[in-house]
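Values reported hereafter were calculated over all heavy atoms of this structure, with side chains retained and with hydrogens, waters and symmetry mates removed.
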Amino acid sequence: MTQVERDVQSIPAGEGQRTSPLGFVVQALESVRKAILPVIAVLFGTRQIGDWGLELGIAIGLIIITLNAGVAWLGWTRRRYFVGPEDIRVESGIISREARSIPYERIQDVSLEQKLLPRLFGLTTIRFETGAGGKDELELSYVTYEEGESLRELVRERREAGPGQPFAYDSKSEAASGPGPEEADDPVLPQESGRLLFAMDPKRLLLFGLFEFSLVIFAVLLGMMQQVEFLLPFDLWDSENWVALRSLWRDNEQVAADAVVSLTVTLIIMAGVLSLGIVTGLARTFARDWAFRLERTSRGFRRRRGLFTRTDVVMPVHRVQAASIDTGILRRLFGWHGLTFISLAQDSGSASHVVAPFARMAEIWPIAREAGLEPPSADLAWHRPKADRWFALGVIAAIPVLAGAIFLAVERHWVWGVLLACLGLPLIALRQYYAWKRHRHALGPRQLFVREGWITPELVMVQRVKLQSVEIACGPLGRWLGYGTLHFGLAGGKLSIPGIPLGEAFAIRDSILTSIAGVDFSDLPR
Amino acid sequence: MDDMQGETLSRVHPDHVKVLRIQSFGLAAAAVLAALAIGEGLPVLRWYALALAVLFALFWIIRLPARRYAHKGYDMAPDRLRIARGLLFRSDTVVPFGRIQHIDVMQGPLERFFGLATLVVHTAGTHNASVSLAGLKRETADAMREEIRSHIKRQTL
């Protein structure tokens, strides 16, 4: 699908323009940041040699910075872009030149990304997405935010107009009409202000951040407890020691007081780690989702978010392949959910776009409706998969647990053996039961719904016509018990229904295939 | 062709079995060599190990490819391609022509010797991004490609 051609067309003489000269400053500053680590390494390495270690480190740092700045400057002078009547061309490269051209028709999406440093200078990276993903995309850094915006507008208008239409482009006048650089901190758009679908105020963000508390911190906590154990005069994990501590208290007040001090220190450290976990979660959330805004513009969904790195992504409605509503263990109890669009486009490495990270269901459905996805109707028949699959897999999972318990009992650790069996087996049973119970699917006239996840249920919904292929897979266990897994080909994501009775699987496949085959890929709503 | 749904599927060319057999030769030979090595180390086990390895090799080269062939089938409907395969883990995939992005006909050296080819259809889906059907006669594969291509509309620019 991608038609990025290299070394075919070049910019006509006298045409084309350079990227923003400020971009060179940003790159030079970034090279300073990159130089810090080598300089520190050199400082450490030369410490033993003599007194001039510091000077050497600084000299090497200066050389690295000068070299990088030189390369950045050369790169800037040699990089030109040209907005042609049919395509956008970029020539770059210091020694080996590269000329790239992308026809407007092939540009799927234009995204702007502002990292912290460029943002301070009112600059942005503009990325023309062709659907190739990653290395074959055309990227232009850095241009002024206004220039990025006008380029984006231009590409869209160009795509709408179709080839062969007369078209005038003058970057200077467009830039002049744009907002001044002092407004770059919160880029407002003059051209296109869409209908607001979803936004998060700091209060909502604060609540969201509290739920983003990572479970990993508990592991850290336990690890730390093992680290600080040496502070304690006894083994923290042995209950007999706690009894002993009490008698110790009676016998020897000095030792006991020491123990209390150590215990207090441990508790303070633990509380510190806990609050650190909360603060980390909050900081991550604030940095990522600050001033989250989702708008519906004439071109699609437009999402802006980020405190330090401000991203601005536009996703055409037709590129939304499916949507998923997920939640967390705790936030689920308070009725908070998140909506993600699955699409072909790349969003910082993942093919899914979070469009409402922390919202009420009542806020989620209007957004999903904008993407052509309706909530399941009340009379929709939901089906459960065959419980046999979860039962059989549970039995298989129980075998090693049972074997371990028997082994422990035989080795005369029968208390541990019984404990393992009494804890492990019900846990497996519970997990399998809920995994089965929470799994369900429904086939509507236009959409397919699949719900899964035993702790945090996730609902994936997709329009039938957006599916690419249907596969029925069946292993030996499934053949014996009469179930299979239905895999759907979904652009940008995975969707499958496990443990479904074979007859039903074939019926669903036939039904969906008639919907798919009726519409050609190229005719899918755009 | 025993099929999970009971429909009849076309089989690929019988020469596909020969290709599969030649391809499975390597592992069978390795098993026999390993048995010989064990025999050198533990002379007591020599003949048992060798007998076991030869049995495995015979199963691997003769029986398994025949079973795999028997379980492989395809069906060209007017608007979709269905491919069923797998002995222990069966899969039955249907790709509508309208969702095929591009088509490859590939030939390895072995396949070329027997005049066979592998048809690969690519879809936009993450799962089943490419579905391949090996063991077709070259002409059949080409004809299928043309047939599918005539059904795919030209991608609009």
Margin query: Is the shortest side-chain heavy-atom distance between A:Val470 and B:Arg82 below 4.5 Å?
Written below: no
Check: Would the number of heavy atoms belonging to other residues, nucleotides or ligands and lying under 6.0 Å from CZ of B:Arg21 be above 12?
Finding: yes
Notebook entry, point to check: Knowing that exactly one of A:Gln468, A:Glu471, A:Lys494 qualifies, which makes a side chain to side chain donor-acceptor pair (under 3.5 Å) with B:His127?
Noted result: A:Glu471
Check: When heavy-atom pairs shorter than 4.5 Å are enumerated against chain B, which of A:Gly503, A:Pro476, A:Gly478, A:Gly489 gives the highest number?
Finding: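 Ranked by heavy-atom pairs under 4.5 Å with chain B, first place is A:Pro476.
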Next item on the list: Check B:Arg80 against A:Leu513 and note the closest heavy-atom contact, atom names and distance.
Entry: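 Minimum heavy-atom separation between B:Arg80 and A:Leu513: NH1-CB, 3.5 Å.
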Notebook entry, point to check: Nearest heavy-atom pair of B:Pro96 and A:Ser469: which atoms, and what distance?
Noted result: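 Closest approach of B:Pro96 to A:Ser469, heavy atoms only: CD-CA, 4.3 Å.
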Margin query: Between B:Arg90 (side chain only) and A:Ile472 (backbone N and O only), is there a donor and an acceptor less than 3.5 Å apart?
Written below: no
Item checked: A:Leu495 portion near chain B, given a 4.5 angstrom heavy-atom threshold ->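 Neither the backbone nor the side chain of A:Leu495 comes within 4.5 Å of chain B.
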Next item on the list: Using non-hydrogen atoms and a 4.5 Å limit, figure out which bit of A:Leu490 sits close to chain B: side chain, backbone, both or neither.
Entry: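 When you check distances to chain B, only backbone atoms of A:Leu490 fall under 4.5 Å.
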Using distance only, find each side-chain donor-acceptor pair of residues 38-62 of chain B under 3.5 Å and give its atom names and separation, not counting sequence neighbours.
| unit_1 | atom_1 | unit_2 | atom_2 | d |
| --- | --- | --- | --- | --- |
| B:Trp60 | NE1 | B:Ser24 | O | 3.3 |

Checklist line | Interatomic distance, A:Leu477 atom CG to B:Phe89 atom CZ [nearest 0.5 angstrom] | finding: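 Answer for the CG-CZ pair, A:Leu477 versus B:Phe89, is 9.0 Å.
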Next item on the list: Mind checking the CZ-CG spacing from A:Arg479 to B:Leu88? Nearest 0.5 Å is all I need.
Entry: 6.5 Å
Next item on the list: Between chain A and each of B:Ile83, B:Val94, B:Val131, B:Asp79, count heavy-atom pairs under 4.5 Å; write down the option with the most.
Entry: B:Val94
